[in-house]
Asks: 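Let me give you the structure first, and then I'll get to my questions.
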Amino acid sequence: MKEYLINIFTQAQDKLTYLKDVDLVFTVPAQANHGDYATNLAMILAKKLKQKPLDVAKEIIANLTTDPKVIEKIEIAGPGFINFYFNPSYNTKIINEILQHGKNFGRAAIHTGKKAMVEFVSANPTGPLTVGHGRNAVVGDTVANMLEWIGYTVDREYYFNNAGRQMRVLGDSVKLRYLELLGQSAKGGDFPEDYYQGEYIKEIAAALKKEYGDKLVNENPEGIFKQRAEKEIFADIIKTMERIGIKMKNFYNEHTLYEDGKIKSLLDEFKKENLSYEKEDAVWLKLTELGNEQDKVIVKSSGEPTYRLPDIAYHITKYERGYDLMIDLFGSDHNATYPDVLAGLRSLGYDDSKVKVLIHQFVTIMQKGEVVKMSTRKANYITLDELVDEVGSDVVRYFFNMRSITSHLNFDIELAKKQSDENPVFYLQYAHARISSILRMTNDEGLVTSAENLNLLVAKEEQNLLKKLHEFPNEIIYSAENFEAHRITTYLEELAALFHRFYTECRIIGSEKKLAEARIALCIAVQTVIRNGLSILGVNAPEKM
RNA sequence: GCGCCCAUAGCUCAAUCGGAUAGAGCAACAGCCUUCUAAGCUGUAGGUUAGUGGUUCGAGUCCACUUGGGCGUACCA
């Protein structure tokens with residue numbers, strides 16, 4: 001429908017050249033009596049042309065060539081909106097299209113041939129993934145799915161650092177627990193407050209004791225203790241991600257940037273290009289010259305680089321690996337770090353518009369009416385695993401996808417458990433399962449699907465469904481280009497609501513055969529779109545509930 | 001102090017480059033199952049879009065200020 005409008009307006013550009021100066025935007029009006037699609041072009045152009053909106057609208061309409069089999073009526077309304085009413089039988093053509101493309105209906109080839117990388121989760125292996133990481137994980141994976149749907153070849157990557165201070169403390173923590181188990185707890189006896197407090201540390205220590213007895217008492221904490229902890233924790237993280245359907249293409253260890261000399265050569269390049277200088281034994285990057293607020297240290301006086309240097313080096317590898325689009329997904333606690341990295345890249349001539357940084361707001365966990373401050377080190381957290389145990393993968397994925405990433409979201413654990421039956425995801429899944437059930441029943445009745453008499457679908461409930469189905473491909477493109485998965489959940493909820501209304505009003509079994517078979521085709525089309533939409537979100541579409 | 005994000009119905013959230021009467025779900029109230037799944041449908045109620053001012057044909061959306069919250073503001077990541 002939208003394509004048709006864009007088409008006729010593009011044709012009209014030959015006669016009305018001013019139509020070339022504006023974006024051809026058509027929207028679905030909130031009010032049904034404002035037509036199927038509307039545009040405010042006349043009002044936008046009125047200002048530029050210094051004419052009355054109504055006159056501009058009249059002139060536009062006079063120059064449009066429309067097929068009455070497609071568009072029934074065009075009206076000017078309100079202050080200058082142009083409203084389009086489509087022919088009901090034209091609306092049914094979407095069914096043929098959906099049946100033809102099936103599970104690929106809604107895919108767009110607009111970025112075919114381009115490579116994208118989505119870097120997400122990227123939590124250092126110091127403990128299990130928490131509910132907070134869950135938002136990042138789900139959003140990142142869904143963004144990757146959406147990009148695939150508009151043609152990108154997408155790699156999912158997890159960037160981590162197993163060499164920093166956090167990891168040293170991790171090794172220390174495991175060793176101390178190990179010594180405790182052997183009755184050799186450190187002087188004073190208390191487990192230090194700034195060590196990792198979680199139970200998983202004890203479990204790793206216990207496994208080491210079982211395997212090696214007391215042979216490790218003189219081992220360096222950074223040796224087997226740290227290594228074993230990293231291995232176990234990573235295995236755990238991977239398992240958790242698998243439970244919600246996430247599979248990384250690659251895990252990129254920051255350390256490899258040191259091993260293959262990328263850090264050093266980057267440092268040399270900054271120096272050679274006169275982009276860095278030394279002050280107080282540290283190396284500083286001239287960020288003020290690049291338009292940022294202040295210069296920042298890239299190598300500490302201890303000789304150790306800050307995170308900025310490896311981060312820039314890491315992004316350079318992304319360019320070297322040929323990505324056309326690089327998504328970085330961070331929590332809002334990182335909102336101060338990425339401008340430095342982007343500026344660094346820009347200074348070396350990399351096109352930083354290829355890097356898209358998405359910042360999501362934090363998840364506030366409410367438990368028993370109180371805000372829980374999450375901290376991996378203090379072991380004050382609810383793990384993503386626990387959440388999946390409680391409500392299941394579908395609810396978790398849907399919940400994190402249904403909100404705009406800019407919103408701070410409150411997650412009330414008790415409420416989530418209690419209301420899991422009322423979660424909108426079940427509303428969608430129910431619509432899907434209901435259609436499966438209809439198809440089983442109608443099959444038993446000897447009814448088959450038929451796209452031959454679709455023009456019988458003239459009931460209000462049927463037409464509303466058809467118009468909604470038309471919107472799906474555009475919704476996917478819009479959601480993907482703007483990285484907004486919540487648009488898809490909103491769309492699917494509206495589609496499911498229209499289906500449930502159709503179900504209540506329009507019977508299949510018992511209707512005249514031609515009509516019944518056309519309705520079956522409509523059901524299959526709706527089911528296909530729900531299934532495709534849910535698959536982008538990573539949510540299952542059950543046959544039965 | 002400064003920077004980024006945010007404030008919409010009792011609760012959780014939508015609202016397509018600024019568009020027509022601000023919408024859903026949950027919670028509340030009143031109805032609908034001898035017929036394809038009632039995890040559903042229909043209806044009622046619920047709003048000064050935090051506040052004040054501005055920009056214009058038109059503002060939840062843009063600008064300024066105020067109030068309240070989140071996250072930053074490291075030679076941590």
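What you see is a predicted model; the values in this text were computed from it and never measured.
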Asks: Below 3.5 Å, does any donor atom in the side chain of A/Glu505 face an acceptor in the base of B/rC41, or the other way round?
Replies: no
Asks: Kindly say if A/His486 contacts the phosphate of B/rA15, meaning a side-chain N or O under 4.0 Å from OP1 or OP2.
Replies: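 For B/rA15, OP1/OP2 do have a side-chain N/O of A/His486 under 4.0 Å.
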Asks: In terms of side-chain heavy atoms of A/Ser332, which of B/rC71, B/rU37, B/rC17 is nearest?
Replies: B/rC71
Asks: Is the shortest side-chain N to carboxylate O distance from A/Arg440 to A/Asp444 below 4.0 Å?
Replies: no
Asks: Within the structure shown, what part of the strands sits under 4.0 Å from A/Val299 by heavy-atom distance: base, sugar-phosphate, or nothing?
Replies: nothing
Asks: Which part of the nucleic acid, if any, lies within contact of A/Tyr307, taking any heavy atom under 4.0 Å across all strands shown: a base, the sugar-phosphate backbone alone, or nothing?
Replies: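 It contacts base atoms.
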Asks: Does A/Val25 reach a base, just sugar-phosphate, or nothing at all? Heavy atoms under 4.0 Å.
Replies: base
Asks: Looking at the side chain of A/Glu493, which of B/rA20, B/rA24, B/rC41 is the nearest nucleotide?
Replies: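 Nucleotide nearest to A/Glu493's side chain: B/rA24.
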Asks: Quick one: label A/Glu543 by what it contacts on the DNA or RNA (base, sugar-phosphate, nothing), any heavy atom closer than 4.0 Å.
Replies: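 Base: the residue A/Glu543, judged by heavy atoms under 4.0 Å, touches a nucleobase.
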Asks: Kindly point out which of B/rC71, B/rU37, B/rC76 is positioned nearest to the side chain of A/Lys300?
Replies: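 Closest nucleotide among those given: B/rC76.
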Asks: For the C1' atoms, the ones on B/rA22 and on B/rA14, what distance do you get once it is rounded to whole angstrom?
Replies: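 Each nucleotide's C1' atom is 10 Å from the other's.
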Asks: Is the ring of A/Tyr427 stacked on the base of B/rG25, with centres less than 5.5 Å apart and planes under 30° off?
Replies: no
Asks: Can you confirm if the aromatic rings of A/Tyr430 and A/His500 lie within a centre distance of less than 6.0 Å?
Replies: yes
Asks: Contact class for A/Thr490 (heavy atom, under 4.0 Å): base, sugar-phosphate, or nothing?
Replies: sugar-phosphate
Asks: Checking all strands, does A/Cys523 fall into the base, sugar-phosphate, or nothing category for heavy-atom contacts under 4.0 angstrom?
Replies: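 Since no nucleic acid heavy atom lies under 4.0 Å of A/Cys523, the category is nothing.
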Asks: In whole angstrom, give me the gap between the C1' atoms of B/rU44 and B/rU48.
Replies: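 Result for the C1' pair: 23 Å, nearest Å.
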Asks: Go through B/rC36, B/rC75, B/rC71 for me and flag the one nearest to the A/Val297 side chain.
Replies: B/rC75
Asks: Determine the contact category for A/Ala433: base if any of its heavy atoms lies under 4.0 Å from a base atom, sugar-phosphate if only primed atoms, P, OP1 or OP2 are that close, otherwise nothing.
Replies: base
Asks: Check every strand shown and say whether A/Ala30 touches a base, only sugar-phosphate, or nothing at a heavy-atom separation below 4.0 Å.
Replies: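 A/Ala30: no heavy atom of the nucleic acid under 4.0 Å.
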Asks: Out of B/rU73, B/rU37, B/rU16, which nucleotide sits closest to the side chain of A/Arg434?
Replies: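 Output: B/rU37.
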Asks: Does any donor-acceptor pair link the side chain of A/Asn33 with the base of B/rA20 at a separation under 3.5 Å?
Replies: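 Answer no: no donor N or O sits under 3.5 Å from an acceptor.
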Asks: Quick one: label A/Asn83 by what it contacts on the DNA or RNA (base, sugar-phosphate, nothing), any heavy atom closer than 4.0 Å.
Replies: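 The answer is base, as A/Asn83 lies within the cut-off (heavy atoms under 4.0 Å) of a base atom.
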Asks: Give a yes or no on whether a salt bridge exists between A/Glu119 and A/Lys318, defined as a side-chain N under 4.0 angstrom from a carboxylate O.
Replies: yes
Asks: Salt-bridged, A/Glu471 to A/Lys2, with N to O below 4.0 Å?
Replies: no
Asks: Does A/Gly331 or A/Pro29 map to a spot on RNA chain B nearer the 5' end, using the closest nucleotide for each?
Replies: A/Pro29
Asks: So for atom NZ, which belongs to A/Lys356, do other residues, nucleotides or ligands contribute more than 12 heavy atoms lying within a distance under 6.0 Å?
Replies: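 Counting other residues, nucleotides and ligands, NZ of A/Lys356 stays at 12 neighbours or fewer.
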Asks: Among B/rG72, B/rA39, B/rG69, which nucleotide has an atom closest to any side-chain atom of A/His408?
Replies: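 Ranking B/rG72, B/rA39, B/rG69 by closest atom to the A/His408 side chain puts B/rG69 first.
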Asks: Find the runs of at least 3 consecutive base pairs, i with j, i+1 with j-1 and so on, that include RNA chain B, using Watson-Crick or G-U wobble geometry with both distances under 3.5 Å.
Replies: B:1-7 with B:67-73, B:10-13 with B:23-26, B:28-32 with B:40-44, B:50-54 with B:62-66
Asks: How far, in whole Å, is B/rC57 from B/rG43 if one measures between their P atoms?
Replies: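 Comparing P positions in B/rG43 and B/rC57 gives a spacing of 39 Å.
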Asks: Is a salt bridge present between A/Lys73 and A/Glu75, judged by a nitrogen-to-oxygen distance below 4.0 Å?
Replies: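 Yes, charged N to carboxylate O under 4.0 Å.
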Asks: Among B/rA77, B/rG70, B/rC36, which nucleotide sits nearest the side chain of A/Met441?
Replies: B/rC36
Asks: Considering only B/rA14, B/rC41, B/rC36, which nucleotide approaches the side chain of A/Ser437 most closely?
Replies: B/rC36
Asks: If you assign each of A/Asn161 and A/Ile82 to its closest nucleotide in RNA chain B, which residue comes earlier from the 5' end?
Replies: A/Ile82
Asks: Please give the distance between the C1' atoms of B/rU56 and B/rC63 as a whole number of Å.
Replies: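 My reading of the C1' atoms in B/rU56 and B/rC63 gives 13 Å.
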Asks: In this structure, how many angstroms lie between the P atom of B/rG3 and the NZ atom of A/Lys296, rounded?
Replies: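 Between P of B/rG3 and NZ of A/Lys296: 15 Å.
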Asks: How far does the P atom of B/rG51 sit from the matching atom of B/rA7, given to the nearest Å?
Replies: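 Those two atoms are separated by 13 Å.
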Asks: Between A/Tyr491 and A/Phe472, does the ring centre distance come in under 6.0 Å?
Replies: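 Yes, close enough.
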Asks: I want to check one thing: is the phosphate of B/rU35, taken as OP1 and OP2, less than 4.0 Å away from some side-chain N or O of A/Tyr503?
Replies: no
Asks: Determine whether a donor-acceptor pair (one donor, one acceptor, N or O, separation below 3.5 Å) exists between the side chain of A/Thr406 and the base of B/rC5.
Replies: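 No, no donor-acceptor pair under 3.5 Å.
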Asks: Please tell me which of the listed nucleotides, B/rC71, B/rU35, B/rG25, lies nearest to the side chain of A/Phe362?
Replies: B/rC71
Asks: Describe the nucleic acid contact of A/Arg501 in one word from base, sugar-phosphate, nothing, applying a heavy-atom distance below 4.0 Å.
Replies: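 It contacts sugar-phosphate atoms only.
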Asks: Classify A/Lys544 by what it touches in the nucleic acid, base, sugar-phosphate, or nothing, heavy-atom distance under 4.0 Å.
Replies: base
Asks: Going by the glycosidic torsion and a 90 degree boundary from 0, is the base of B/rC63 oriented syn or anti?
Replies: anti
Asks: Using ring centroids (six-membered ring only for Trp), state whether A/Tyr37 and A/Tyr85 fall under 6.0 Å.
Replies: no
Asks: Does A/Phe9 have its ring centroid less than 6.0 Å away from the ring centroid of A/Phe26?
Replies: yes
Asks: Whole Å only: how far is the CD atom of A/Glu475 from the P atom of B/rU16?
Replies: 11 Å
Asks: When you compare B/rU8 with B/rG69, how far apart are their P atoms, in angstrom units rounded to a whole number?
Replies: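 Approximately 14 Å lies between the P atom of B/rU8 and that of B/rG69.
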Asks: Is any side-chain N or O of A/Arg487 closer than 4.0 Å to OP1 or OP2 of B/rA14?
Replies: no
Asks: For the side chain of A/Phe426, starting at C-beta, report the closest nucleotide among B/rA39, B/rA77, B/rC76.
Replies: B/rA39
Asks: In whole Å, what is the span from the CD atom of A/Gln51 to the P atom of B/rC57?
Replies: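 These atoms are roughly 16 Å apart.
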Asks: Can you tell me, in whole Å, how much space there is between the C1' of B/rA74 and that of B/rG19?
Replies: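 Rounded to whole Å, the distance is 47 Å.
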Asks: Counting any heavy atom closer than 4.0 Å, what does A/His500 reach on the DNA or RNA strands: base, sugar-phosphate only, or nothing?
Replies: sugar-phosphate
Asks: Is the distance from the ring center of A/Tyr314 to that of A/Tyr159 below 6.0 Å?
Replies: yes
Asks: Under 4.0 Å between any heavy atoms, over every strand shown, what does A/Thr489 touch: base, sugar-phosphate, or nothing? Just pick one.
Replies: nothing
Asks: Kindly say if A/Ser407 contacts the phosphate of B/rA14, meaning a side-chain N or O under 4.0 Å from OP1 or OP2.
Replies: yes
Asks: How far, in whole Å, is B/rA15 from B/rG25 if one measures between their C1' atoms?
Replies: 15 Å
Asks: B/rA20 C1' sits how many Å from A/Leu41 CG, rounded?
Replies: 16 Å
Asks: Using a 4.0 Å heavy-atom cut-off across all strands, classify A/Glu280 as base, sugar-phosphate, or nothing.
Replies: base
Asks: Below 4.0 angstrom, N of the basic side chain to O of the carboxylate: do A/Lys378 and A/Asp194 qualify?
Replies: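 Answer for the salt bridge query: no.
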Asks: Testing the 3.5 Å rule here: is there a donor-acceptor pair between the side chains of A/Tyr18 and A/Glu59?
Replies: yes
Asks: Can you check the A/Leu498 CG to B/rC41 C1' distance for me, whole Å?
Replies: 13 Å
Asks: Could you tell me the separation between the CG atom of A/Asn482 and the P atom of B/rA14, rounded to a whole number of Å?
Replies: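 Rounded to the whole Å, the gap is 15 Å.
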